[in-house]
Amino acid sequence: MTVAVVLFTSDLRLHDHPPLRAALASSDEIVPLFVRDSGIEESGFAAPNRLAFLSDCLRDLDAGLRERGGRLLVRSGDVVGEVGRIVSETGAADVHVAAGVSAYARRREERLREALESGGTRLHVHDGVVTAVAPGAVTPAASDHFAVFTPYFRRWSAQRVRDAFAAPRTVRVPDGPGSEKVPARGAVSGVSEGLAEGGERQARKQLTAWRRHGLAGYEEGHDDLSGDATSRLSPHLHFGTLSPVELIHRARSAGGAGAEAFVRQLCWREFHHQVLAARPAASRQDYRTRHDHWRSGADASKDVEAWRQGRTGYPVVDAAMRQLRHEGWMHNRGRLLTAGFLTKTLYVDWRIGAQHFLDLLVDGDVANNQLNWQWMAGTGTDSRPNRVLNPVVQGKRYDPDGSYVRRWVPELAAVSGAAVHEPWKLRGPAHDRPDYPQPVVELADGLARFRKARGLD
DNA sequence: ATATTTTTATG
DNA sequence: ATAAAAATA
């Protein structure tokens with residue numbers, strides 16, 4: 001009787017799961033294992049919204065495995081120690097895991113390899129799980145990774161993507177080893193009221209609906225804030241309840257301009273993964289420094305707190321920041337404009353903004369979050385590092401009738417149309433609203449400060 | 001063949 | 001300004 005361990009990490013699904021497939025093909029029994037990793041839970045990376053979503057994912061994964069005759073084992077502690085314990089409890093000869101790109105994931109792989117191989121257990125690290133195209137699979141002639149999106153997109157698009165694997169019909173799990181109970185999401189405190197539901201079943205439901213009703217309108221609708229026409233699949237990609245390989249095939253088979261635009265966005269995710277894989281330090285350090293001396297001190301802290309609370313006095317910024325707090329999710333256009341506002345207009349260190357996003361985002365992901373923040377801060381791969389987004393222009397362009405602002409900023413709910421984007425221009429007692437803050441900074445002052453700091457004058 | 005320079009394009 | 005590809009030495 002041969003046994004293999006499948007260590008689940010950011011791949012909490014049964015469909016299109018290469019490690020699971022490989023383990024089932026080569027062993028009589030498998031041990032599907034998830035470790036609530038003390039290393040992550042103590043690192044500050046764990047956040048209530050993601051822990052709650054994770055509970056959904058684990059319960060659903062367990063249910064899916066039980067339908068197939070198996071079950072999920074959940075343990076808590078150091079991931080390497082727990083895998084070792086399972087291996088000795090079951091006599092497993094192989095451990096399968098998905099390849100990761102973060103410094104943490106790579107260190108985990110290294111430590112697992114060391115710990116297992118000295119005991120004669122083989123570790124198999126699988127590509128094509130977290131990203132469709134493995135980081136490093138395509139590179140430019142003179143570097144180990146692409147630093148510009150467009151040439152990466154061309155090469156990435158030309159790669160053959162393997163067919164998606166079906167979910168297994170049956171899974172045999174040895175009776176012996178015990179599991180902790182998976183807590184319900186209700187056991188997590190500090191969770192956003194409007195947090196989405198996790199789990200593979202929910203992910204597949206959303207994928208089907210998206211393919212039927214959302215994809216076709218994606219190209220023209222994806223930047224419209226109030227239209228909310230993005231896929232909202234990002235949490236499922238982050239937790240791996242959906243496979244990027246399957247998503248790409250499903251989108252391409254639907255066809256059309258919407259599908260093309262959507263696949264392009266999936267490629268941005270893979271672009272950032274291949275940058276981080278090549279430059280793991282970019283999760284904390286400037287990818288390409290502009291020698292910024294970001295603002296600090298009490299004055300800056302006050303602005304940061306206004307930004308976090310959605311009380312900057314710039315309605316579209318505040319609307320997006322309040323959506324983040326309420327849903328644990330923010331529209332992509334909102335992410336760009338709020339990040340641009342913090343880094344360029346308030347001239348605050350991108351790490352402070354990135355951390356706030358990680359504290360709340362259900363899809364908070366090291367590669368996407370940190371590198372998109374760097375992109376907006378001008379310290380990343382943006383070819384125009386000094387671009388500044390004007391929040392009033394952004395508001396009028398991407399929320400032309402103001403309904404996104406009215407949805408999230410009740411103080412302005414009575415203001416009609418695009419006038420909601422410039423509340424300081426409103427006159428008369430009907431428009432006197434002392435509960436909505438004055439702008440924390442004049443845009444011209446912010447711009448001047450930024451230009452001076454970057455030596456642009 | 002490989003290094004260097006020029007050209008092209010960049011959310 | 002700078003990355004990537006193309007052209008050239």
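Lettering of chains follows the sequences in order, A, B, ..., and the numbering in each one begins at 1.
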Compare side-chain N and O positions of A:Arg155 against OP1 and OP2 of C:dA4 and report whether any pair is under 4.0 Å apart.
-> no

Can you tabulate the close N/O pairs, meaning under 3.5 Å, that link protein atoms to atoms of nucleotides 9-11 of chain B?
residue: B:dG11; atom: OP2; partner: A:Thr150; partner atom: OG1; Å: 2.4
residue: B:dG11; atom: N1; partner: A:Gln265; partner atom: NE2; Å: 3.2
residue: B:dG11; atom: N1; partner: A:Trp268; partner atom: NE1; Å: 3.3
residue: B:dG11; atom: N2; partner: A:Arg264; partner atom: NE; Å: 3.0

Do A:Phe262 and A:Tyr218 have ring centroids that are under 6.0 Å from one another?
-> yes

Atom CZ of A:Phe146 and atom P of C:dA4: how far apart are they, to the nearest Å?
-> 6 Å

How close or far is atom P of C:dT2 from atom CZ of A:Arg288, stated in whole angstroms?
-> 6 Å

Within the 6.0 Å centroid threshold, strictly below: A:Trp375 and A:His272 | no

Could you walk me through whether A:Ser157 and A:Arg264 pass the side-chain contact (heavy atoms from CB on, under 4.5 Å) check?
-> CA-CA 9 Å; A:Ser157 301; A:Arg264 190 182 166 85; over 6 Å; no

Have A:His15 and A:Glu200 got a donor and an acceptor in their side chains that come within less than 3.5 Å?
-> yes

Non-neighbouring partners of A:Ser234 that pass side chain to side chain donor-acceptor pair (under 3.5 Å), sequence neighbours left out = A:Trp329, A:Asp363

